[in-house]
Amino acid sequence: MTPRAWTVGVDFGGTNIKVGLVGPRGDVAATRVMETARLRRPDAFVDGVAGAAAALAASVGVPARALRGIGVGAPGPVDSERGIVNFLVNVPGWRRVPLARLLARRSGCRCVIDNDANLYALGEWRLGAGRGARHMIGLTLGTGVGGGILLDGRVYRGAAGAAGEIGHMRLTRGGPRCGCGQRGCFEAYVGTAAILRAGRRAMRPGGAIARLAARQGRLTPRVIGRAARAGDAAAREVWDGIGQWLGTGLASLLNVFNPDCVVIGGGVANNWSSFGPAMRRAVRAQAMSVAATSARIVRGRLGDRAGILGAAVLVWETE
Ligand SMILES: [Zn+2]
């Protein structure tokens, strides 16, 4: 394999920084995982990531400068064109950091960066469940709800790089409080906090949710998912409610963008069998029929490699 065949993808998360060596067909050959807490500051991050990339390149016998490039997905608003991280949602100390330039200088190879949800969509489109789509929307379900919009196979970034914040699409005036300070955002209805709120309301002493939560030591979306799959009616109702809100949000997205594919990933998507039917019913009932029938709505396929692969795909797409 020629040296240029290798790309490094970086998944910059609130807890861990995952650095992966990616082959030309999207295979992850090796990874390094570092604690975000130890590399919080931009200069420490650049040193740590450049070091990991060099070590990964060395493991296949090439110098870092012979890589196709390094891509980074960052958890916050990014000016991808200029390579600047505007700020990070859960990591303090990052204000308008020219990350692409700093990392390129330190590593000796080309560096590109984008918001992690945009890269989720890009990765699933090129290598995962969205392959072959022309217009695709990617959603990640977790504590936050991330979104990426691809139109004609390109990330749609908007006027200031701030497009695709699907989690903060307003579903109602008023409504539950969102992490962004507003009320009634999509995320406030389908994010982890909303699932836990509904789960606590559905919990009965001696019921399946209460028993599984006690065994786990706390209530989590996973516990409510397990209770639902075991047939517990209260848990199934929780996921039905989440599925309905997901369908409501998706119906608006389908009406506005008329995508041919929507890919849904993130940890909460592991409960697909529990929320999927209600979500599809709500989409059929609420979206305009042409928009509803032309979109396939599918679960993501890249799993926990999605961050690394999306970042590598950005390197390929910007060559
Ligand atoms: Zn919000």
Side-chain angles (χ1 to χ4, degrees), residues 13-15 74-78 86-91 115-118 120-121 137-149 158 162-203 209 213 218-225 227-228 234-257 259 262-272 274-283 285-287 297 299-300:
T15 310
V78 169
N86 284 317
F87 68 92
L88 298 179
V89 180
N90 290 314
V91 188
N115 164 265
D116 53 2
N118 285 347
Y120 174 77
I137 291 175
L139 270 185
T140 57
L141 303 180
T143 307
V145 173
I149 300 164
E165 289 290 346
I166 292 168
H168 304 289
M169 175 170 73
R170 307 290 300 280
L171 299 190
T172 50
R173 220 144 51 96
R177 175 85 59 193
C178 179
C180 72
Q182 293 285 353
R183 286 179 177 277
C185 295
F186 190 34
E187 180 173 306
Y189 286 98
V190 301
T192 298
I195 298 167
L196 295 180
R197 202 166 54 233
R200 275 192 296 273
R201 226 180 288 135
M203 208 172 349
I209 302 175
R218 65 198 171 103
L219 183 68
T220 61
R222 199 186 181 144
V223 160
I224 306 168
R236 289 168 74 155
E237 222 166 279
V238 169
W239 287 112
D240 256 17
I242 297 298
Q244 283 172 36
W245 280 115
L246 271 170
T248 296
L250 286 179
S252 289
L253 292 170
L254 298 188
N255 287 348
V256 173
F257 291 104
V262 177
V263 179
I264 303 176
V268 168
N270 292 330
N271 300 288
W272 188 268
S274 302
F275 67 71
M279 175 184 76
R280 289 190 194 283
R281 275 197 304 278
V283 167
Q286 295 173 40
I297 301 172
R299 191 175 164 184

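Here the straight-line distance linking atom CG of L139 with atom CD1 of I166 works out to 5.0 Å at 0.5 Å rounding. Here I149 contributes atom CD1 and E165 contributes atom CD; the two are 9.5 Å apart, rounded to the nearest 0.5 Å. Interatomic distance, L246 CG to W239 CH2, rounded to the nearest 0.5 Å: 9.0 Å. Note that the CG atom of L196 and the OG1 atom of T220 stand 7.5 Å from one another [nearest 0.5 Å]. In this structure, R200 CZ and I209 CD1 are separated by 11.5 Å, a value rounded to the nearest 0.5 Å.
Side-chain atoms of R280 come within 3.5 Å of backbone N or O of I297 as a donor-acceptor pair. At least one donor-acceptor pair under 3.5 Å links the side chain of Y120 to the backbone N or O of G265.
For the side chain to side chain donor-acceptor pair (under 3.5 Å) condition, the pairs that include at least one residue of residues 242-257, sequence neighbours left out, are T248-Q286.
Within 6.0 Å of atom CZ in R222, 12 or fewer heavy atoms from other residues, nucleotides or ligands are found, so the atom counts as exposed in its surroundings.
Shown here are the side chain to side chain donor-acceptor pair (under 3.5 Å) partners of N86, two or more places apart in sequence or in another chain: R96. R299 meets the side chain to side chain donor-acceptor pair (under 3.5 Å) test with N270; sequence neighbours excluded. Under the side chain to side chain contact (heavy atoms under 4.5 Å, CB included) criterion, R201 pairs with R197, sequence neighbours left out. Applying the side chain to side chain donor-acceptor pair (under 3.5 Å) criterion to D116, with sequence neighbours excluded, gives no partner residue.
Between I264 and L250, some side-chain heavy-atom pair lies under the 4.5 Å cut-off.
Exactly one residue among I224, L141, L219 makes a side chain to side chain contact (heavy atoms under 4.5 Å, CB included) with I195. That residue is I224.
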Go through the steps to decide whether V78 and N118 satisfy the test side-chain contact (heavy atoms from CB on, under 4.5 Å), and finish with yes or no. CA-CA 10 Å; V78 169; N118 285 347; over 6 Å; no
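Considering every non-hydrogen atom in both G76 and N115, the closest pair reads O-ND2, 3.1 Å.
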Give every donor-acceptor pair under 3.5 Å between a side-chain atom in residues 181-193 and any protein atom, sequence neighbours left out.
residue, atom, partner, partner atom, Å
Q182, OE1, R170, NH1, 3.3
R183, NH1, G175, O, 3.1
E187, OE1, V145, N, 3.0
Y189, OH, T172, OG1, 2.8
T192, OG1, G142, O, 3.1
T192, OG1, T143, N, 3.2

